[in-house]
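One structure below.
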Amino acid sequence: RYKVKPLRANISRDKNELKGKTGLSLTAKREFVKEGVNDAYSTSIPVVKGDIYYLVLDNVYENGGGHTIQFYFGQKVQLKGSVKNDENENIVTHVSVTDTKGETVAETYTDVKTGAYKLESVMKRGVSYSLNYYNDSSFVYSKTISLKDTLELQDLKVVLPKLKKGKKYPIGAINFYGNSTTYLPSALPVVQNLYKLMDRNKNLSIMIIGYINCMQNGKRFGVIDEISLPKGRSEKIRDYLIRNKILSTRIETAGIGCDGMLFPNAKTLEEEEANRRVEIKVLEF
């Protein structure tokens with residue numbers, strides 16, 4: 001006779017931006033999560049060949065909208081590296097891997113003495129991820145990675161510059177949909193890190209500078225308004241910070257047109273996306 005044993009359960013509710021998402025995660029801490037505001041995910045299951053697993057779903061709300069179920073197979077990858085500031089000092093840094101939806105799939109901290117870190121993450125083939133770095137006294141940084149970068153992921157040396165008045169910083173992964181002021185879901189962890197930096201450094205004031213892409217398939221195309229779109233992008237990030245209680249007096253915005261493209265001769269979708277970005281200038285610190 002078959003015996004069914006409950007291995008994981010999750011009936012919590014969590015952050016609004018997750019929109020009801022739940023499931024299993026490598027970074028989750030608990031197997032069983034009760035009702036109320038709790039962790040959105042339960043810890044993953046190490047599967048055994050030949051075993052049979054059943055997935056049971058239930059919408060607890062009357063007239064609920066149903067479910068969308070996603071399964072994927074990934075490859076376990078080890079990431080190793082070190083983080084220093086621009087004065088060659090080892091610094092304690094939060095390191096996280098997030099997917100295209102902005103959800104964390106792995107995280108760790110660098111060693112306090114060596115600045116080194118090591119973590120394992122499950123990554124899908126053909127999918128890009130963000131590797132995010134955060135330190136309270138340095139500027140935030142994010143790097144796009146994928147399975148094709150396997151060798152590079154074994155020796156990642158990152159320099160996080162100290163916050164300095166008058167300096168402009170590329171932020172790495174706050175990119176936007178084409179012809180839109182809406183940032184990609186993958187940008188959310190970096191936006192959140194920018195908020196943390198502002199929240200923990202009360203004397204920090206910044207200018208957010210928005211940029212646009214004016215290239216498509218390797219050809220320049222006309223942009224009706226080169227200022228309102230990039231400025232709208234910077235204002236989108238400003239609005240997020242203000243909603244999270246950062247004083248508006250600490251934030252200025254600006255927009256730069258086609259002359260500010262990171263890749264002025266962009267020929268790939270990745271280069272076009274990289275052009276649709278924001279950068280940060282430190283006004284006071």
Side-chain angles (χ1 to χ4, degrees), residues 24-30 39 41 43-44 46 74-125 127-175 186-204 206 274 277 279-282 285:
L24 306 181
S25 168
L26 287 172
T27 59
K29 306 299 183 185
R30 294 187 285 175
D39 298 339
Y41 292 86
T43 188
S44 57
Q75 179 177 327
K76 186 174 287 187
V77 178
Q78 188 176 78
L79 296 85
K80 295 188 293 184
S82 61
V83 184
K84 297 178 182 289
N85 62 24
D86 48 5
E87 295 179 357
N88 204 36
E89 299 168 332
N90 298 319
I91 53 176
V92 177
T93 304
H94 179 251
V95 184
S96 66
V97 179
T98 54
D99 61 19
T100 54
K101 298 177 182 177
E103 297 175 3
T104 300
V105 296
E107 59 185 334
T108 189
Y109 283 88
T110 58
D111 183 83
V112 64
K113 294 181 179 179
T114 66
Y117 68 88
K118 179 170 65 176
L119 60 80
E120 285 189 342
S121 176
V122 173
M123 298 169 64
K124 307 176 194 176
R125 292 195 174 277
V127 175
S128 294
Y129 295 81
S130 294
L131 184 57
N132 312 296
Y133 299 88
Y134 175 82
N135 170 272
D136 283 348
S137 60
S138 304
F139 202 74
V140 299
Y141 176 71
S142 181
K143 175 182 176 63
T144 301
I145 60 172
S146 67
L147 275 176
K148 65 182 180 182
D149 306 318
T150 302
L151 291 178
E152 181 186 354
L153 299 180
Q154 295 296 306
D155 188 26
L156 288 158
K157 292 181 172 62
V158 172
V159 176
L160 290 185
K162 281 188 172 182
L163 290 168
K164 294 178 182 177
K165 180 179 177 179
K167 191 169 182 180
K168 188 170 74 170
Y169 300 88
I171 201 163
I174 300 184
N175 302 108
S186 58
L188 180 59
V190 193
V191 178
Q192 292 171 333
N193 279 343
L194 179 61
Y195 158 73
K196 284 195 296 183
L197 194 68
M198 297 287 289
D199 184 55
R200 296 177 186 180
N201 293 275
K202 303 299 185 183
N203 58 341
L204 173 62
I206 63 172
R277 71 197 191 280
E279 295 182 355
I280 308 296
K281 183 177 180 179
V282 174
F285 183 66

List the steps and the verdict of side-chain contact (heavy atoms from CB on, under 4.5 Å) for V83 and Y141. CA-CA 11 Å; V83 184; Y141 176 71; over 6 Å; no

What I'd like to find out is whether the side chain of K164 reaches to under 4.5 Å of the side chain of D86, using heavy atoms alone. yes

Determine whether more than 12 heavy atoms belonging to other residues, nucleotides or ligands lie under 6.0 Å from atom NZ of K84. yes

Sidechain-backbone polar pair: S142 side chain, I174 backbone, donor-acceptor under 3.5 Å: no

I'd like to know if the side chain of N201 reaches the main chain of L197, judged simply by a donor and an acceptor atom lying under 3.5 Å from each other, with no hydrogens or angles considered. yes

Heavy-atom closest pair (V105 atom, S121 atom, distance to 0.1 Å) is CG2-OG, 3.6 Å

With the side chain counted from C-beta on, respond yes when Y133 and L131 share a heavy-atom pair under 4.5 Å apart, and no when they do not. yes

K196 atom NZ, neighbour heavy-atom count above 12 within 6.0 Å: yes

Can you sort out the partners of K80 under side chain to side chain contact (heavy atoms under 4.5 Å, CB included), two or more places apart, ordered by chain and number? Q78, K118, Q154

Can you tell if the side chain of S130 reaches within under 4.5 Å of the side chain of V190, non-hydrogen atoms only? no

Contact check, side chains of L160 and N85, non-hydrogen atoms, under 4.5 Å: no

side-chain contact (heavy atoms from CB on, under 4.5 Å) between L156 and Y117: does it pass, once the steps are laid out? CA-CA 10 Å; L156 288 158; Y117 68 88; 3.6 Å; yes

Is any side-chain heavy atom of S146 closer than 4.5 Å to a side-chain heavy atom of T144? no

For the side chain of N90 and the backbone of K113, is there at least one donor-acceptor N/O pair under 3.5 Å apart? yes

Would you mind checking if R30 and D39 are paired as a salt bridge, meaning a charged N to carboxylate O distance below 4.0 Å? yes

Shortest non-hydrogen contact from Y41 toward E103: OH-OE1, 3.0 Å

Would you say V282 and L204 make side-chain contact, with heavy atoms under 4.5 Å? yes

Does any non-hydrogen side-chain atom of L79 lie less than 4.5 Å from one of V95? no

Which pairs, with at least one residue in residues 76-112 and sequence neighbours excluded, count as a ring-ring contact (aromatic ring centres under 6.0 Å, His included)? H94-Y109

Interatomic distance, CD@E89 vs NZ@K162, rounded to 0.5 Å, equals 4.5 Å

